[in-house]
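Contents: one structure, followed by commentary.
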Amino acid sequence: MTETRIQWNKAGETAGVILFAALDYLILFLIIAMTGNAWVYDTKTEITQNLMFGWLQRLVFTQAVLYAAVYRRLWISKERYIRLLIGAAAILTFQHFNTVNRADFRTRYMILLLWIVLWIGTHKDKTVLWKRFVNIFAVVAAASLIWYLLGPVLHVLPVTYETPRVWGTWEPPVIKNYQYLFYESHFSKIFGLKIWRNTAFFTEGPMYNMGLCTALIAEMFMEEKPKRWKLILFSVTILSTISTTGMICLAAAWFIRLAQTNKKVGTVVKKYLPVALAILAAVMVGLLLLKLYTTAAGKGSTRIRLRHLSACWKAFKTHKFTGCGWLNAEAVWQYTFMKKGPSIGLMYFVSSGGILLSSLILVPVIQDIREAFTEKKYNLIFFEGLFIMLFFFTQICNTPLLWFFLAYIHTADHFGDAGEESEESPAEEEKSPAEKEKSPAEGRDHRGRKIE
């Protein structure tokens, strides 16, 4: 009877592992898709941003509640509770003073951010979420390359239909759709040559590039043994988006990776660090100048970004502590005549939330830098630094990808204790003391370890 009960409990544990892994993949896919997908703008689909937001909210809520009901524990260290309390105080104080888009901030940011924190806290090994994020993007990247080559490049795939552009002001005005998996929505003209950009099912190259680059740096710096084929796949796909931000991220990420893995290069970089950084900076500036002087769109994009950067800085200076209001574009546009959608991310976030919301990034990152130099483990700060660089150039303030990143850096503890379990799982309770001593982690480490 006891053996049968143990078997049933183990079967239940396995079913739980599969269920929670499936929920993770669904949640992460929505986080990815909501970073500028074209479906919500396609006039022939019924998918809306509100609908996707509702799905995400329900899935995160369901996962957190189900886990709490089954296991009754959270994997959050005591040190991270302090970080979370500081973050919660900053958000609540901002909500008190904020007078712009209050309802949206409360429901689409504050409450959802809480549920995402609880969702992340249900994982002992929190890096598994980035592994699953990478797995999804590996499929998306591979599919997009196939559709990119067979669609815009070779014109082999049949066009499902054409839809008028209802987002952005760039060409083409009518967008071809290939099986809902690829939208021919963005091209660049380099020296007069028209080159289509790989945008997958996203509205434009830069938004697709944001997710691709995040997947690249997650695989490169959050995975203990990065898979070379994934790094190559992401790198090639990033190049196919023809995004300057993507090329800068590629250069920086591979520079760091080469210094880490090649002893000779690493020794030279350490010995001549200022020179190495100067070379890296020169490469980045060169990429910017290449985009600026080879494409008309590059000139326009650079000009708009500089104008918006200046306007966001001026808006921040007028309301340093509380910001000018959540995503209050009007407060920014008064300082520029280029009143298009915000083209930069980080400074728009800073101008919206002031020092209060900026602390959500500054506090954990500064603490992680200090801990990284103490432990002499730097991969986490490489990941965080490159993500923030991407965020600087890409407007993702209103996307769950940013919220996921913020919740993660507030919850995960790469340098301390992983947290204490409050209660043993049912299968663990049935083991004899000898069995428990022999395999103390059995029945616990399944969260984020056996299924990726």
Side-chain angles (χ1 to χ4, degrees), residues 74-94 113 116-117 120-121 123-131 213-214 216-224 226 249 252-253 255-261 266-267 269-274 276-278 280-281 316 320-321 323 345-347 349-350 353-392 401-420 448:
L74 281 177
W75 297 96
I76 301 177
S77 67
K78 294 177 181 177
E79 290 78 7
R80 290 302 172 259
Y81 277 118
I82 297 172
R83 186 180 288 189
L84 287 168
L85 285 173
I86 295 173
I91 290 175
L92 290 171
T93 305
F94 173 79
L113 189 61
I116 292 177
V117 165
I120 295 174
H123 300 76
K124 182 178 181 181
D125 178 11
K126 295 170 181 57
T127 58
V128 76
L129 293 172
W130 288 113
K131 293 177 184 178
C213 286
T214 302
L216 172 74
I217 61 177
E219 177 67 20
M220 191 174 284
F221 301 114
M222 302 296 279
E223 181 63 56
E224 187 175 347
C249 181
F255 175 83
I256 297 169
R257 179 68 180 165
L258 189 62
Q260 284 182 318
T261 56
T267 301
V269 168
K270 288 180 181 179
K271 188 175 181 179
Y272 302 102
L273 184 59
L277 292 176
L280 179 61
F316 166 72
K320 293 186 180 67
F321 186 65
L346 180 61
M347 278 308 301
F349 182 82
V350 170
I355 294 172
L356 278 173
L357 289 192
S358 300
S359 68
L360 297 178
I361 298 174
L362 286 174
V363 171
V365 169
I366 289 173
Q367 289 180 345
D368 285 342
I369 291 173
R370 184 191 63 195
E371 292 175 355
F373 277 94
T374 300
E375 299 291 333
K376 298 190 184 302
K377 296 177 181 178
Y378 308 105
N379 273 7
L380 178 63
I381 58 174
F382 292 149
F383 171 75
E384 292 177 349
L386 288 172
F387 184 93
I388 292 170
M389 183 273 290
L390 291 167
F391 178 33
F392 182 88
L401 178 58
L402 175 62
W403 311 335
F404 173 44
F405 172 77
L406 292 177
Y408 181 84
I409 62 176
H410 276 79
T411 310
D413 188 352
H414 290 260
F415 306 103
D417 194 2
E420 297 180 358

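Numbers here are sequence positions counted from 1.
Minimum interatomic distance between Ser359 and Ala90 (heavy atoms only, all atoms of both residues): OG-CB, 3.6 Å. Nearest heavy-atom pair, His123 versus Trp75, reported as atom, atom and distance to 0.1 Å: O-CB, 3.6 Å. Residue Phe221 comes nearest to Asn379 through the heavy atom pair O-CB, 3.2 Å, listed as atom of the first residue, atom of the second, then distance. Scanning all heavy atoms of the two residues, the minimum distance from Ile217 to Cys249 falls at CG2-SG, 4.0 Å. Closest approach of Thr411 and Arg80 over heavy atoms only: O-CG, 3.3 Å.
By the 4.5 Å heavy-atom criterion applied to side chains, Ile82 and Leu85 are not counted as neighbours. The closest side-chain heavy-atom distance from Trp403 to Val117 is not below 4.5 Å.
Under the 30°/60° scheme for interplanar angles, the aromatic rings of Trp130 and Phe404 are found to be tilted. The aromatic rings of Phe373 and Tyr378 stand perpendicular to each other, their planes meeting at an angle above 60°, with 30° marking the opposite boundary.
The line from NZ of Lys131 to CD of Glu224 is 8.0 Å long, rounded to the nearest 0.5 Å. Distance CD1/Ile86 to OH/Tyr81: 15.0 Å, rounded to 0.5 Å. Separating the CD1 atom in Ile369 from the CD1 atom in Ile381 is a distance of 5.5 Å, to the nearest 0.5 Å. With rounding to the nearest 0.5 Å, the separation of CD1 in Ile388 from CG in Leu346 is 7.5 Å.
A salt bridge does not link Arg257 to Glu223: none of the charged nitrogens lies less than 4.0 Å from a carboxylate oxygen.
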